[in-house]
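To start, the structure under review is shown below, and the notes come after it.
Counting starts at 1 for both ligands and their atoms, following the listed order. Please read these numbers as outputs of a predicted model, since none were measured by experiment.
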Amino acid sequence: MPDLRGLGVSPGRTAGPVLLMAAAPALPPPGPPLSVEAGTAAVAAALSAVAAELDRRAGRADGEARDILESQAMMAADPTLLETAEEHVTGGMDAAHALDAAFTGHRVALVAAGGYFAERAADLDDLRNRAVAAVLGLPMPGVPDPGHPFVLVAEDLSPADTAGLSDDVLALVTEKGGPTSHTAILARGKGLPAVVACAGALTLEEGTLVSVDGATGEIRTGLDAPAAEEIRRQAEAERAKLAHSRGPGKTADGHPVKLLLNIGSAADLAPEAEGVGLFRTELLFLDRRTAPGFDEQVAAYAAVFKAVPDAIVRTLDAGTDKPLPFLELPVEPNPALGIRGLRVDRLRPDVLDTQLAAITEAARATGAEPAVMAPMVSTRQEATRFAERARAAGVRRVGVMIEVPAAALLAEAILAEVDFLSIGTNDLGQYTFAADRQHPALADLLDPWQPALLRLVETCAAAGLAAGKPVGVCGEAASDPRLAPVLVGLGVTSLSMSAVCVPAVREALAGHTLEECRAGARTALQRDHATIRP
Ligand code: PEP
Ligand code: MG
């Protein structure tokens, strides 16, 4: 098996056996009906195997993951589900179709019940896939849980798959995905080495020992067990070295650069950083069918403000790869260019009003003074209107994200309206290069070293220096230890990233003087192409 190469999107090296994520089972054509006894025995065995497997996993999990697995196990053991499946068998169906029909009936009832119950429909779909796979003798779909460390290889992973990964997953390798896909972001959040857009990954055989380099994107095959062990040992030594890195971010000659955290909820807070530079509030409400209420939002924001009173909160950034079903946005032919981010306010102004009110109430209740910024601002007028709304709601520090080239070009005018800018290089790259941020074949265009992207960063940073206002980077570019000094050389005042990335960025900054950072920035700007990732 030859070595493979993809895009390294979450740094770190490791090695271990490959396990493939099995796809959801397809129903075969209806088979000859078994005897009723054999059919009912098969559905009962499948459901109890699924419940037992989920119980086993719950026993090894803790916290929220344990609760979720336990409640799924209870759903699988629900006697009415078994009775319905048995009725279908008695009516002449084979076991797989009887299970499918039983789950479909329960799903319809759940969705009709609405609210909390409707949100459990996805859990039921997962159970259906497991039960049908069990009865057909196929591998369990979803993330495998073999009880030993492994490298997870999949076509792609949903945010839900990535969020629920067990500690046994050593690294992620996917055939699809891009450098700024939310799967890549979540992998970095968990500190898992990850390689995406890796052609041929699904041809790796189960159990093959591979090494994964999440910085270079290299997957090496043909290892023996001692070599894999040695790679894991070296990676552990590297991690241990970085574990001692502490303190505020600064260059070798003491120029301060705030190192901040990107978080999706209070659970992502960590002591490594100097604050929160991006609180992605929409991650709290992904897949929700009903709008989060005022009180629920206050509680979620207060949990963060209690720990980090000056956190930078981003208002909901819905649309394209982060759907918020409760917004019931129109289906669009070109969603990335449509109603997303702040533009949702054109259709649903109530959503921003409720959110701003919840943020200021959470701030009042905790004595915090958070900053609030809007995603996907394109014009000075949008910045003005957002700043007026936020200030009227009681927010003292108001900023906007720079994710659209039009906004970067007008950074000076926009900074006259707000207190700070935060550059979202993920979307800024996407819109500068007209390249879908999830598109594996366009990864070179999305490389944050692209000089055109760096020039836009420079424009924003220069506007910030002139106005005496902070300009940070909160896109994934900020977490690249090779690029971070370049961004500082361009004049950026803070870098915001997942907690796991902070130590390597801190060490990288400490290794260069400000003048060296500036020289690096000049060189990067003058190139006529992106550097090739090492
Ligand atoms: C960005 O676009 O760089 C950003 C930080 O926002 P998100 O990745 O959540 O779209
Ligand atoms: Mg963005």
Side-chain angles (χ1 to χ4, degrees), residues 9-10 159 162-163 177-189 194 196 259-265 268 273 276-286 311-324 335-344 371-378 382 386 399-408 411 420-439 443 445-450 453-454 456-457 460-461 471-480 483-484 487 492 494-499 501 505:
V9 291
S10 180
T162 324
T180 57
S181 62
H182 287 89
T183 295
I185 294 168
L186 288 167
R188 270 190 291 262
V196 301
L259 299 180
L260 304 172
L261 288 182
N262 289 355
I263 62 167
S265 73
D268 300 334
V276 167
L278 170 63
F279 177 8
R280 288 185 165 99
T281 53
E282 65 283 353
L283 298 187
L284 292 166
F285 309 119
L286 283 181
I312 300 180
V313 187
R314 175 172 74 184
T315 54
L316 293 175
D317 182 22
T320 63
D321 53 344
K322 286 176 289 187
L324 293 183
L337 302 180
I339 303 292
R340 57 160 302 196
L342 182 64
R343 299 168 184 188
V344 172
V372 179
M373 64 182 180
M376 290 292 296
V377 169
S378 314
E382 284 180 354
F386 176 73
V400 295
M401 289 191 69
I402 300 291
E403 305 184 275
V404 179
F420 66 93
L421 301 180
S422 182
I423 308 173
T425 43
N426 309 337
D427 276 314
L428 190 57
Q430 155 162 273
Y431 295 118
T432 302
F433 288 89
D436 182 341
R437 63 191 265 178
Q438 315 242 43
H439 203 309
L445 298 177
L446 296 161
D447 192 320
W449 286 84
Q450 283 287 0
L453 180 68
L454 297 180
L456 293 175
V457 173
C460 298
V471 174
V473 171
C474 64
E476 297 308 301
S479 60
D480 180 338
L483 186 54
L487 297 174
V492 157
S494 66
L495 297 168
S496 193
M497 64 205 84
S498 311
C501 300
V505 170

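With sequence neighbours left out, the side-chain contact (heavy atoms from CB on, under 4.5 Å) criterion links T281 to F279, Y301, V313, L316, Q355.
Every N/O-N/O distance between E282 and ligand 1 stays at or above 3.5 Å. Every N/O-N/O distance between R340 and ligand 1 stays at or above 3.5 Å.
Take a cut-off of 2.8 Å around the Mg ion (ligand 2): the protein N, O or S atoms inside it are E403 OE2, D427 OD2.
Ligand 1 is approached by M401 to a heavy-atom distance shorter than 4.0 Å. Look at R314 and you'll find a heavy atom under 4.0 Å from some atom of ligand 1.
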Exercise. Would D427 and Q430 satisfy side-chain hydrogen bond (donor to acceptor under 3.5 Å, both in side chains), going step by step from the backbone distance to the final call?
Worked result: CA-CA 5 Å; D427 276 314; Q430 155 162 273; 3.0 Å; yes

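Of all the heavy atoms of I423, none lies under 4.0 Å from any atom of ligand 1, so neither backbone nor side chain is involved. Using a 4.0 Å cut-off between heavy atoms, N262 makes no contact with ligand 1 at all. Only the side chain of R437 comes within contact range of ligand 1, with a heavy atom under 4.0 Å; no backbone atom does.
To the nearest 0.5 Å, the span separating SG on C474 from CZ on R314 amounts to 7.0 Å.
Using a distance-only test at 3.5 Å, with no hydrogens or angles considered, no donor-acceptor pair links the side chain of S422 to the main chain of V473.
Looking at L283 and S265, their side chains never come closer than 4.5 Å, going by heavy atoms from C-beta outward.
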